[in-house]
Amino acid sequence: MSAAEREKLLVDLGFGRTFTEHMVRIRWNAAVGWHDAELVPYGSLVLDPGTAVLHYAQAVFEGLKAFRQADGGVATFRPDAHAARFRRSARRLALPELPEETFLQAIDTLLDADHEWVPSAPEHSLYLRPMMFASEVSLSVHPAEEVTFLLIASPSGPYFPRGVKPVTVWLSEDFSRAAPGGTGAAKTGGNYAGGLLAQAQAAEHGCDQVVWLDSHEHRWVEEMGGMNLCFVFGRGAGSRVMTPALTGTLLPGITRDSLLVLGRDLGYETEEGGISVEDWRSGCEDGSLSEVFACGTAAVITPVGFVKSARASWTVGDGVMGDVSRRLRQALVDVQRGAAPDSHEWLYHARVSS
Ligand code: PLP
Ligand code: COI
């Protein structure tokens, strides 16, 4: 594709709608393990209708970003952490674990071919989507003996079409995302499919996103849609940033982990704990809870401005983005874009041949 054609496609990007020219494919079978890693043109798959993933959803994925750097280069944010989570997700879904070096190599190969697709506009990046699925043709329920790994890439703008505006959330008391012993800590499509009806219910109540509560008491806050949640208590320099602890039913977000580190770097107290719906409401009412934000690769940091449930509704702080959320967001984006020192060695700089 010519540079002019590509530039045209890079204008007015939404999230995950435009794809680059190549993808990486690696095959696995029980007899030989991982083999035939290839860079191939991006294109449709031809699947036998009996392919196991279409029936039993044995599949996992990741989501990470490559950023255009201040010096013009390209760097991926914490791909090693995503590779490790991809392995853990695979293990939970009885899929073969892709070695971390192979995961990183797949990214290098794709970025070498498609680095010109990494956008440079603020809030834009190349979203990388590694995935693995049961490609064996069989209707019997068993861990697949044939599996396919694909890595695709999508130049993307902000996840929320309105940009970094506070979202309104719906507390779902009818549905649960995950239960102890289930697949909540794995990044697998079924978790998202199971959440769509609750998301539709949130939309019917005029909300942008659904907040998941624990499946037992429907009382303890877990996470939001495809993002983790953080709660800011107090104000200014003495603020405490709290995020729900990883109980096994939440996805261990890499943004969440990064913000716990950056929060400490900025001098905030940070904590992994528990927060109930009543604490959330009373904290907003008495002013002790000043900010709430969601965090994840796709959405970075998105403030939560307003909360609704079947029983109550309330505003968080002034309903706008707070100072702690803004400082944390800026600190994260600055590291990702190479505008601040990468003191935790989170960036992997792509070696692209020009
Ligand atoms: N929780 C869920 C359910 C998600 O889908 C995501 C997105 O990846 C996150 C949390 C945030 O994780 P990360 O920060 O690693 O993107
Ligand atoms: C991400 O933040 O990478 C996600 O996967 C969230 C959503 C797009 C599924």
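Note that the structure is predicted; figures quoted are calculated from it, not measured. Atoms within each ligand, like the ligands themselves, are counted from 1 in listed order.
Residue-ligand proximity, Y127 to ligand 2, at heavy-atom distances under 4.0 Å covers atoms 1 (C), 3 (O), 4 (C), 5 (O). In the vicinity of G63, heavy-atom distances shorter than 4.0 Å reach the ligand 2 atoms 3 (O). Of all atoms in ligand 2, numbered sequentially from 1 with element shown, those under 4.0 Å from a heavy atom of T297 are 2 (O), 3 (O). The contact set between ligand 2 and Y192, taken as ligand atoms under 4.0 Å from a residue heavy atom, comprises 9 (C). Each of the following atoms of ligand 1 lies closer than 4.0 Å to a heavy atom of G296: 11 (C), 14 (O), 16 (O). Taking every heavy atom of K187 and a limit of under 4.0 angstrom, the matching atoms of ligand 2 come to 4 (C), 5 (O). Atoms of ligand 1 found under 4.0 Å from any heavy atom of R85, numbered from 1 in the order shown, are 12 (O), 13 (P), 15 (O). Residue G225 approaches ligand 1 through these ligand atoms, each under 4.0 Å from one of its heavy atoms: 3 (C). Each of the following atoms of ligand 1 lies closer than 4.0 Å to a heavy atom of K187: 4 (C), 5 (O), 6 (C), 7 (C), 8 (O). Close approach of ligand 1 to R177 (heavy-atom distance below 4.0 Å) involves ligand atoms 3 (C). The ligand atoms of ligand 2 that sit less than 4.0 angstrom from a heavy atom of R129 are 5 (O). The ligand atoms of ligand 2 that sit less than 4.0 angstrom from a heavy atom of G226 are 6 (C).
For atom 12 (O) of ligand 1, the closest non-hydrogen atom on the protein side is G253 CA, 3.3 Å. Scanning all protein heavy atoms for the shortest distance to atom 8 (C) of ligand 2 gives Y159 CE1, 3.6 Å. In terms of protein heavy-atom proximity, atom 6 (C) of ligand 1 is nearest to G226 O, 2.9 Å. Residue, atom and distance of the protein heavy atom nearest to atom 5 (O) of ligand 1 are Y192 OH, 2.4 Å.
Between F231 and W280, the distance separating the two ring centers is shorter than 6.0 angstrom.
Looking at M224, E222, E223 and measuring to atom 2 (C) of ligand 1, the nearest heavy atom belongs to E223.
Other residues, nucleotides and ligands place no more than 12 heavy atoms under 6.0 Å from the CD atom of Q105. For D342, the CG atom sits in a packed shell: over 12 heavy atoms of surrounding residues, nucleotides or ligands are nearer than 6.0 Å.
Among residues two or more places apart in sequence or in another chain, the ring pair (Phe, Tyr, Trp, His ring centres under 6.0 Å) test is passed with H344 by W346. Checked against ring pair (Phe, Tyr, Trp, His ring centres under 6.0 Å), W170 has the following partners two or more places apart in sequence or in another chain: H205.
For the side chain to side chain contact (heavy atoms under 4.5 Å, CB included) criterion with F306, the lone passing option out of V169, T168, D208 is T168.
Residue contacts with ligand 2: K65 is excluded, as none of its non-hydrogen atoms falls under 4.0 Å.
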